[in-house]
Structures are given as structure tokens and as C-alpha cells.
Amino acid sequence: MSPSRAAITAVHGYVPPDVLTNAELARMVDTSDEWITERTGIKERRILKGEGLGTSHMGAEAVRGLLAKTKTNPEDVELLICATTTPDFVHPCTANLICDMVGIRSVGSFDVQAACSGFIYALTVAHQFILAGTYKKVIVVGADKMSAIVDYTDRATCVLFGDGAAAVMLEPSADGNGIMDAVLRSDGSGARHLHQKAGGSRMPPTAETVAKRMHYVHQEGAQVYKYAVAGMSEVTHDIMARNNLRADMIDWVVPHQANRRIIETTAERLGLPLDKVMFTIHKYGNTTTATIPLCLWDYESKLKVGDRLLLAAFGGGFTWGGAYVTWAYDGAKAATLAPKLNGGSANGKLVRSSWL
Ligand SMILES: CC(C)(COP(=O)(O)OP(=O)(O)OC[C@H]1O[C@@H](n2cnc3c(N)ncnc32)[C@H](O)[C@@H]1OP(=O)(O)O)[C@@H](O)C(=O)NCCC(=O)NCCS
């Protein structure tokens, strides 16, 4: 018999140790700690340093920690989905590399590309595999090395982004808690406001595209801001209406961390106090697909069985989406099972893909 829903049964994250502060950015471009803090809420972000280390390195660290924490053998994982917008390569996909690095062999693995909404998209896909009864143990990773595609001469974008990864385990719900509903939306006409001009099949890389700095994130911030506020409000409102949820019934909002002001406006429109909203933006910035699972990891010790969570994201595409999740395990107990920072089972040893 197919299960009625999938539940998140564990979460683990990884952020690289190198910190890039606002003060350091102010020495690189014409900006200030005051401007960045006031306009975005960001104080610092993590940057992945080290030759040959890509998004897969952080994803693998997160998955390794997840496996260790849940005492799961890599052979027992049946599917791994990685949401990323900064894959190590155009191909193979980053999910394949992560599986290889952590010893998950011969199971399906693929990437989902939906920019900042990628984690919600990937979670929704994984949910369907569990609902259909196809798999019982699925890992969803959100991982991005934004520092690889950010132009550190462009003050309008370089202050916003950081690197990081986090992974969740999805299994059939044992007690009815889990993913109750999800909404996915997209509008490709929004591409003009947020994209990378070159490097894809439309404009393959040439010496000229590199010289013109066309391989970096191009964002019209004020336009994206406007759509992001509208999109986040729309999905959260829709999910609440579809599930007969009032604001006082929500325990946690888990928003994509692009700008503190966008999150505050979304909460205000929902009528939710800020102490019910998860924030990591001050310390990690916008880690794209990793923001939502990193929030879950950061707040894990506060999460109780049955807590009602509202996840919401907006990003490039445009894509946006939301999910209503009831928490399925004792977060306080689980949070003690693995070291909080960078606690993968590699013990600091660098594990590269088997062919690199
Ligand atoms: C990027 C963002 C923080 C900019 O904030 P803003 O208040 O919209 O600022 P604007 O872009 O209107 O720029 C205002 C001024 O600040 C300046 N500015 C931009 N970045 C700056 C920086 N890092 N430091 C100092 N000044 C800066 C601009 O040049 C502009 O100056 P001007 O008025 O002299 O032309 C904001 O628009 C934003 O968060 N956008 C959404 C990002 C997002 O959600 N992305 C989602 C997908 S990842």
C-alpha cells in the first residue's frame, strides 16, 4: 500500500569555514557594513575555498553528516536529488558526484534546476516518489557555490550571496506528520531580470564573453525585489487557504533567505510575528538552494513533533513555491546526535570524487 505522505526524518548542513564579512567586502567594492546590513540584513557569508572544490564537496559533506546522524548505510539510500544552480559541471550532474563521494552506488540521482526555489521543487519531486510507493529512503540536497558565479567587482550582487549546503532525509510518514501540501510556480518571462548571460548553449563561452564578465549573475535587484515580495506572499497565502490554516496555527515560517526585508514583509502580510520566522541570512547570506534546509538545520533543536511549518521561496526563472510541512521528529534530541558545524563523517579529510 502506498504511504499517505512523506516525512522529513533528518536534516544536516555544511557551511565552509571561510567567512567573508561586510567589512572585507567594503575593501573590495564601494559599499559599507551599514548599507549591507540595513538593505539586506546580511553581516557575513561563507565562501568555499580550495582548488578543485565545487558544489559537490559541500553537498557530500552535508549528506555524509546526514548518514552518520541517522546511522544510515549508503547502500540503503534509494534515490538522491540535488537542487543546485551552480553544478560542478554542465554534465555529469552534481547528484551523481555526491553519490560517488559518499558511497551511494547504482541508485537514481539527478539535479533539479529551479534557482532559489530549487529545494522546494526537489522536495516536491521526492515526495511524489514516496507517495507512489516507489522508494522509502530519499535524500534531497540543496547545495550552491554562489561565489563561483558572483562578480566581486559588482557591489549590487556580490554582497548578497554565500556558499553552503544542507540535506534532508525523506521517508514514508509513520504518524501522519510530513509534507501536507506543496505549490510550485514559474514565469520564464522573469529571466530578463535575473540570469547568467553566457556559458550556456545559447551563448557558449568565448574569450570575449569572459572578458565582458558575462558568466556572472546578472540581477536587476529592485525588479526582482518587487516580484519576490509578491511571489512569497502569493504562495504562502495560497497554501494557508488550501489547508484552512490561520496565522496563529503556524509554528514556523521557513523562508528563502534573499533579503531580510523581503522576509519581514512576507511575515507582516501573513500576520505572523518575527519570532516565528527562521533567519540565517545574517550569517550565511543567500545560499540559493541551501537556504531553506540550512534554516531547518540551524533551528532543528527547536522543532517539535507536530509543529506546523510553512516553507516559501522565490528565485531566478522566475520560480517560486511553497510547502506546508508538519514536523515528524524530536529536533532537540536529533540535534545532539551530530556536531553542529561541519560534522560530516569525513573528519575534515578531503574526499574527492573517485575519478578526480
Ligand atoms: C539587491 C538589493 C539588496 C538592492 O537594494 P535596493 O534597496 O533595491 O537598492 P537599489 O538596487 O534600488 O539601489 C539603491 C542604491 O543603492 C546602490 N547600491 C546597490 N548596491 C549597493 C551596495 N552593495 N552598497 C552601497 N550601495 C549600493 C545603488 O547603486 C543605488 O544607488 P543610486 O540610487 O545612486 O542609483 C535588493 O533590491 C534585493 O534584495 N533584491 C532582491 C534580491 C532577491 O530577492 N533575489 C532573489 C533571487 S536570489
Side-chain angles (χ1 to χ4, degrees), residues 20-45 55 83-86 113-121 142-164 185-196 216-236 254-267 269 277 279-282 284-295 311-322:
L20 177 61
T21 64
N22 289 350
E24 286 169 277
L25 278 167
R27 289 195 286 276
M28 295 157 67
V29 290
D30 181 15
T31 189
S32 64
D33 174 43
E34 197 185 1
W35 192 95
I36 302 169
T37 307
E38 194 184 303
R39 305 307 293 162
T40 72
I42 302 167
K43 296 299 288 182
E44 59 185 44
R45 65 288 293 144
T55 294
T84 185
T85 198
T86 51
Q113 215 288 40
C116 292
S117 311
F119 180 77
I120 293 200
Y121 270 67
D144 268 302
K145 182 183 170 187
M146 293 307 290
S147 61
I149 59 166
V150 164
D151 182 351
Y152 286 95
T153 66
D154 173 14
R155 70 174 182 175
T157 53
C158 74
V159 302
L160 302 172
F161 296 99
D163 302 337
R185 305 249 194 272
S186 71
D187 175 3
S189 70
R192 74 188 71 149
H193 302 301
L194 180 51
H195 60 273
Q196 253 174 271
Y216 294 119
V217 175
H218 167 83
Q219 175 170 263
E220 292 154 19
Q223 283 296 328
V224 177
Y225 188 95
K226 204 173 64 186
Y227 284 103
V229 168
M232 297 276 281
S233 299
E234 180 202 309
V235 284
T236 44
V254 195
H256 172 54
Q257 311 277 308
N259 186 316
R260 189 175 168 99
R261 291 184 293 138
I262 294 174
I263 301 172
E264 286 175 353
T265 308
T266 306
R269 289 188 179 179
V277 181
F279 284 101
T280 55
I281 189 161
H282 53 292
Y284 302 145
N286 182 351
T287 53
T288 302
T289 60
T291 60
I292 288 178
L294 274 175
C295 277
L311 281 50
F314 184 92
F318 293 133
T319 55
W320 62 112

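Both ligands and their constituent atoms are indexed starting at 1 by order of listing. This chain uses plain numbering: 1 for the first residue, then up along the sequence.
- The line from CZ of Phe314 to CG of Leu194 is 8.5 Å long, rounded to the nearest 0.5 Å.
- The atoms of ligand 1 that sit less than 4.0 Å from any heavy atom of Thr40 are 3 (C).
- When side chains are defined from C-beta on, Trp320 does not count as touching His256, because their heavy atoms never get closer than 4.5 Å.
- Contact check on Glu234 versus Arg185 returns a salt bridge, with a Lys/Arg side-chain nitrogen under 4.0 Å from an Asp/Glu carboxylate oxygen.
- Heavy-atom proximity to Ile262, at under 4.0 Å, picks out these atoms of ligand 1: 44 (O).
- Protein heavy atoms are found less than 4.0 angstrom from atom 5 (O) of ligand 1.
- Within a 4.0 Å radius of atom 14 (C) of ligand 1, the protein has no heavy atom.
- The distance from ligand 1 to the heavy atoms of Val159 drops below 4.0 Å at these ligand atoms: 23 (N).
- Judged purely by distance below 3.5 Å, without hydrogens or angles, the side chains of Thr85 and Asp144 never pair a donor atom with an acceptor atom.
- Taking only non-hydrogen atoms, the option from Arg155, His193, Arg261 nearest to atom 28 (C) of ligand 1 is Arg155.
- In this structure, atom 20 (N) of ligand 1 lies nearest to the protein heavy atom Trp35 CH2, 3.3 Å.
- For the residue pair Lys43 and Thr37, a side-chain donor N or O sits within less than 3.5 Å of a side-chain acceptor on the partner.
- Residue Thr31 holds the heavy atom nearest to atom 22 (C) of ligand 1 of all those in Asp30, Thr31, Asn286.
- For the side chain to side chain contact (heavy atoms under 4.5 Å, CB included) with Arg45, the qualifying choice from Thr287, Asn286, Asn22, Leu160 is Asn22, the only one to do so.
- Here the heavy atom of the protein found nearest to atom 46 (C) of ligand 1 is Val224 CG1, 3.7 Å.
- Donor-acceptor pairing under 3.5 Å is lacking for the side chains of Thr40 and Asn259.
- Where the criterion is an N or O separation shorter than 3.5 Å, residue side chain and backbone included, Gly221 meets it with respect to ligand 1.
- Looking at Arg39, Gln219, Met146, Gln257, it is Gln219 that brings a heavy atom closest to atom 42 (C) of ligand 1.
- Side-chain atoms of Thr86 and Thr55 form a donor-acceptor pair, as typed in the model, at a separation below 3.5 Å.
- Closest to atom 10 (P) of ligand 1, if we only count protein heavy atoms, is Ala222 CB, 4.9 Å.
- One finds no salt bridge joining Asp163 and Lys145 here, because no Lys/Arg side-chain nitrogen approaches an Asp/Glu carboxylate oxygen to under 4.0 Å.
- For the atom pair CG (Leu20) and SG (Cys158), the distance works out to 8.0 Å, reported to the nearest 0.5 Å.
- Across every non-hydrogen atom of Gly142 and Phe119, the tightest pair is N-CD1, 4.3 Å.
- The residue from Leu160, Leu194, Asn259 that puts a heavy atom closest to atom 39 (O) of ligand 1 is Asn259.
- The presence of a protein heavy atom under 4.0 Å from atom 30 (C) of ligand 1 is ruled out.
- Annotation for ligand 1: atoms under 4.0 Å from non-hydrogen atoms of Cys116 are 47 (C), 48 (S).
- Inside a 4.0 Å radius of atom 33 (O) of ligand 1 there is not any protein heavy atom.
- Counting only heavy atoms, the protein gets under 4.0 Å from atom 25 (C) of ligand 1.
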